[in-house]
J.: 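Could you have a look at this structure, given as structure tokens, before my questions?
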Amino acid sequence: MYLPLEDVKEINYYNGPEKFSRQEMNDLFDARLPDLIQEKPMFEIILKEPAAKR
């Protein structure tokens, strides 16, 4: 995925829940590799606007 730096509003340490609800999964992009252990994300990237689906 290509994400231009000017589209990023902020980057934060992730302090949310260990697992995501079904609704949250519809609203986020999970960049974790499926073959690895699913651990809690370390960072959260907030965009200025929703990214277009490609």
Side-chain angles (χ1 to χ4, degrees):
M1 174 180 198
Y2 173 75
L3 181 63
L5 190 56
E6 60 266 7
D7 291 351
V8 175
K9 180 178 178 181
E10 58 186 78
I11 299 174
N12 303 313
Y13 283 105
Y14 180 74
N15 292 320
E18 186 77 28
K19 296 192 178 211
F20 302 114
S21 70
R22 190 174 298 265
Q23 178 61 38
E24 288 172 315
M25 289 300 290
N26 291 333
D27 296 334
L28 60 85
F29 176 75
D30 187 0
R32 299 177 293 179
L33 297 173
D35 293 342
L36 298 177
I37 297 170
Q38 298 295 308
E39 296 180 355
K40 184 176 178 177
M42 292 181 67
F43 299 100
E44 175 180 38
I45 300 172
I46 309 294
L47 303 178
K48 292 177 183 174
E49 297 180 11
K53 291 185 179 182
R54 295 178 185 172

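The basis for the numbers below is simple: all heavy atoms, side chains too, and nothing from hydrogens, waters or symmetry mates.
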J.: Roughly how far, to the nearest 0.5 Å, is OH of Tyr14 from CE of Met42?
T.: 13.5 Å
J.: Can you sort out the partners of Glu10 under side chain to side chain donor-acceptor pair (under 3.5 Å), two or more places apart, ordered by chain and number?
T.: Asn12
J.: Output the distance between atom OH (Tyr2) and atom CG (Asp7), rounded to the nearest 0.5 Å.
T.: 8.5 Å
J.: For the side chain of Lys9 and the backbone of Glu49, is there at least one donor-acceptor N/O pair under 3.5 Å apart?
T.: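 Not a single qualifying donor-acceptor pair exists.
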J.: Hey, are the side chains of Phe43 and Pro41 touching, using non-hydrogen atoms and a 4.5 Å cut-off?
T.: no
J.: Give the C-alpha distance, both sets of side-chain angles, the deciding distance and a yes or no for side chain to side chain contact (heavy atoms under 4.5 Å, CB included) between Ile11 and Ile46.
T.: CA-CA 6 Å; Ile11 299 174; Ile46 309 294; over 6 Å; no
